[in-house]
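Proteins come first, then strands; the chains are lettered A, B, ... in the order of their sequence lines, and each starts at number 1. Side-chain atoms are counted along with the backbone in the values below, which use heavy atoms only and exclude waters and symmetry mates.
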Amino acid sequence: MMENKLSQTHNSQIGFVTGGGLEANLQVRLTVPPQSVQEGAFVVIDSNNWRFYGLVTDLRLTAIDENYANQINAQRFTPQLAELLNQQTLYTNLAVMPVLMMETGPDVDSPEYAAWREEHPNESAPITVKTIPSHHAPVKLADRADIATIFGEENNQNIFRVGNTREQGHPVCLDLDKFVQRSSGIFGTTGSGKSFLARMILAGLINYDRASTLIFDMHNEYGIDTSSSDTGQGVAGLKNKFQSKVQLVGLGADTNIGQQRPDFTLEISHKDITTEDVLQLTEALNLKETTPTTLDALENEFGDNWFTQFMNMRVGAMVENEDGKLEPAPDSVEFWARRAGVHKAAAEGLRSKLTRLFNRPYLKNAPASNGLSDITNALQSGRHVVLSFGNYQSDLDYLLATNLITRKIRDTWEKATNDFHSKKRAEPRPLVVVVEEAHKLLNREMASQTIFSTIARELRKYYVTLLIIDQRPSQIYDEVMSQLGTRISGALGDEDDINAVLSGLPGRGGLRGMLAKLQPKEEVLMLGWGVPMPIPIRSRRYDSQFYKDLLGDEAEAPDMKKSSRMLGF
Amino acid sequence: MPLNYAAVERNANKYIDQSLEWQAEARRLARELNGLYEQAAQDSKTLRQAIEQAELTQAALYTAKPSHEPPLASFPLPARPLNFTLLAADGSQIVPNRHRALQFGLINIGIFKVHFGSGQPPMIDLISELLDFDQLFIDGSLISEDEVGLQRDLRERVLIRESITSEDPRPFLTLTDGPLDLFYRSSIKGEAAQDAQRTVWELDQNFEREGILSAGYIDKPGSTMFANMLDLYQKHIQNTPTNEQKKPKLISDSALLKDRLEPGHRSALFEIITKRTPANPHRLRCAFFFLNVANPHGKECLARVEVPWWLAQKRELVDLVHAILYHDAQTLDSHPYPYALHRAHELALVRLTETEELERLLLSKMPPDTPETNHRSNKDHWKGQK
Amino acid sequence: MSASPKIIPIGKLLRAENSRFVAGCRVKELETPALGSLVKVKLEDQSEIYGLITHILINDDNLVRQLVSGVSIPSEYTADNRYNRNLPVEIHVLTVGYAQNGQIAHRLPPRPPLSLDQLFLCDDADVRQFTSQHGYLRHILRLQDQPIEELLAAHFAQVKPLQTTEWYKTACEKVITLLRDDYAQLTKVLDVLSELETE
């Protein structure tokens, strides 16, 4: 916490408060040219020993009399007179959304300070705004110290710099401790720089290293080195920079990730597949309403072997019986259906539809290694996992793999948490599951069923949170969206998407315009529970300088071949 | 208090009737005298004799006497020179007043001198002189208005002389308001008067030597010298004894001259004969003529102009006076009066506020609590005077 | 001060209130003071009342009227009226402040002038001192029966050469502050001031 030297912000006054309030925003009369202040500027207002922190949400030109605005004074009067006239009759009004306030006490050098300090021995901290500044309170642009008070001072650990203020370039940080306490989201249209933003934040998280991350790298963007689609320049991958801390995992035995061999591969045992997992795929596989019944019956009969068993049944298999008549073979679906009391057509239909699933090479009855537990072990021991899908790029693969893996992981963590509470084990290491294309997993239809929505809703009860990366937030179930803690959004064009990003945050109408006007690839808006106050920033560049700053100079790109030798652990 | 208008109105009609009656009578008299006048004019030699005889035989006399010009002659306006100097002087005074807190007297004289033909603004001067305290009393009593007036007239004449320089273009005409001679103030007697008259006489001598012209201008003249003259004439030809007490019927000179002078024309010159006991050795010998100062289309407006006798002898000098005065009076042609005299008067005028201011000034110089000076008479106080 | 102050002799005080007074004076035509001039009056207690000349009326003077309508006036007499004669003039003065014991205030004086001896035309040093603060300008806005802009322009034209450019700027600012709610009036004032500046 900063000392009260803060009471003197170094910046000069840009205006003063003329009206407004908590609900309707504060009205500020600007005393400098309008071009020196932007929408989204972070301002501080001092009033009666309190400092208020707010965001500029609107700028509006006014005149004390319309007539002055409607004539060009410089054409009618001499330049000096026109200038003097304009200064007094034409104004810009700002709308400022107050967000936080902090008791700062009187000026450090003033005689009242000592007395005040005695009454307020504890360091003050910013709290949610509950009152308003007085009329004519001076308004200034926040300086570096103000921003550090609110967002923290960069320490390359939990206080991670995500960008700088747009007006003056002061560093703005994310508190990663808070960031991982709830699920969060990174949004932005395609081409808005979302991937770079995600890479930057993931690098921060990995560096921070108090939580593990599991990244479902659907498009092979994060793990390995790639190149920018715009500039063609090389983009460092997380594996490259963090070496053994990051495990590259490929789905399926033969998967290569680009030119690189993964650290290990993942094959999923049939026994790990539950009927719920299959139900998730209803839409993808076009399953019928009868499916749940059929699946139930299978599970009842075969337990966790149901998948293998069902796979081994044949549709329409017939044998000749003693009578020479054709009857369902014992390994046919029909045979089982009769026995189970399930409608034959339903069962057969299901079996056909599931063929796609059964064919998946990475689903094995008896996989060579237990990939899933490899993953959970890696995560529990403090490593980070990037799962690549290799050649398996369909929605079906994505849905199945992510859901299944995440469920397993969540179960593992649930047990660990329960053990911790009954004091048998240490506190579980927090985990962040990073999912892209979240709208495929978290849309309204699926939301109630997937593990993801459960995780999102459960907060950090079991030490697992999500980091959603998506370009269509409006498609994501709004209950989930409203539970997100930190939201970092690049430019969004769609009104529904904008509303979605803002959902669950009270009174944030002023931010709507800001979201629409962010500079693609340059600017993002941070907001939400995890962020002390909403703020638009120029996002940090993900480049070699970034890694120099984060890791120090010796973290230069090591030999690619060397990293590929790091198999297993 | 406002008037008792009701009572006044009752008398008003009687007043009107009397007034009209008197006017009718005056017109009749005028017609009568006019006849006589014309007769006398034909017979100017006899007329002169009549006057001369009266001069010899009568102790006191106030009459006109024909000069070398025919009595009924009228003379048209001559040309005015391009360059000349006109100096007008007028004065006013503050007379000591026993009702005031302080007794003091002041003479205020304005001098207005123009160089015609130069285009330059006239030179103006204002001389204000507080009378010496010992001048305020004659034989133990406060001096009167007339006495202060005499002092003033004298100072006027002296200051006029002092205002003439050799740089002033000639001809040079000095102009004053009223008769040239001081003796119209008949109440002045004694040494002071004698001294004053001699001074005036000496100044006139001086002027004659230097060729400085002077004139006295009388606006709305009320003189009755012609009536006296004609009375003497009538008595002469009728052989009535001149000391008979029969009072002549008095018609003003202007009435007799009515309609006889065209605008811009002057009448013939006449000598002024004033004689009184005791005789005065320094009596100023003067002549006069009447001048119609009206504009060519205006109503007749007669003024009487007095000039020194020596000036009257020279036709060209009389013409100068005639031309200069007419033009100066025409400057204010709606109500003809010489502009220069008006300005001199304007300069000299002492207003009541200025009197009060002077009193304040003098009082302020007195040490405080001087017993005799600290209040105005109670009578005046109640009149609202400070 | 080297020369003695220029004095306009006053005949009488015609009417006086705290906020304004009218004096009847006789002045030579050439010495008639200008609209917008700063003048002052000494009261009996030695305090001084400052005012701005808002209106000068040349009263009917019989002589002047006669001369104007007369036949032909000699040039000497025209010159006489211009240089010599005191014309009866009514000077209307707007009170803008007062001084007591050398302290200048821009508020209305506690007492109006009750009698007038002399009206002083303020000299340069006096003007500079009185106008060094701009508070007095608000009194000009009280004027009801006259164009404010003309008076302001006349006044500024006289004071500007005696003050800095900074002064003028502040004075304009002050005027704008006082009049900015009256668009019509302010634009008139600024039009006139612009004209003045570009002359």
Can you confirm whether C:Arg15 is buried at CZ, in the sense that more than 12 heavy atoms of other residues, nucleotides or ligands lie under 6.0 Å from that atom?
yes
Note, C:Asp80 side chain near B:Pro121 side chain (heavy atom, < 4.5 Å)
no
Answer whether the closest heavy-atom distance between the side chains of C:Asn84 and B:Met123 falls below 4.5 Å.
no
For residues B:Pro122 and C:Ala79, report the shortest heavy-atom separation together with the two atoms involved.
CD-C, 4.5 Å
Parallel, tilted or perpendicular: which one describes the rings of B:Phe112 and C:Tyr77, with boundaries at 30° and 60°?
tilted
Looking at B:Gly119, is its backbone amide N or carbonyl O close enough to the side chain of C:Glu76 to form a donor-acceptor pair, meaning the two atoms are under 3.5 Å apart?
yes
Using atom types as modelled, flag every donor-acceptor pair under 3.5 Å from a side chain in residues 94-103 of chain C to any protein atom, sequence neighbours excluded.
from: C:Thr95; atom 1: OG1; to: C:Asn18; atom 2: O; distance (Å): 3.2
from: C:Thr95; atom 1: OG1; to: C:Ser19; atom 2: O; distance (Å): 3.2
from: C:Thr95; atom 1: OG1; to: C:Arg20; atom 2: N; distance (Å): 3.3

Provide the full list of ring-ring contact (aromatic ring centres under 6.0 Å, His included) pairs with a residue in residues 179-199 of chain C, sequence neighbours left out, each pair given once.
A:Tyr68-C:Tyr183
Give a yes or no on whether C:Arg111 atom CZ has more than 12 heavy-atom contacts from other residues, nucleotides or ligands under 6.0 Å away.
no
In terms of heavy-atom proximity below 4.5 Å to chain C, should B:His327 be classed as side chain, backbone, both, or neither?
neither
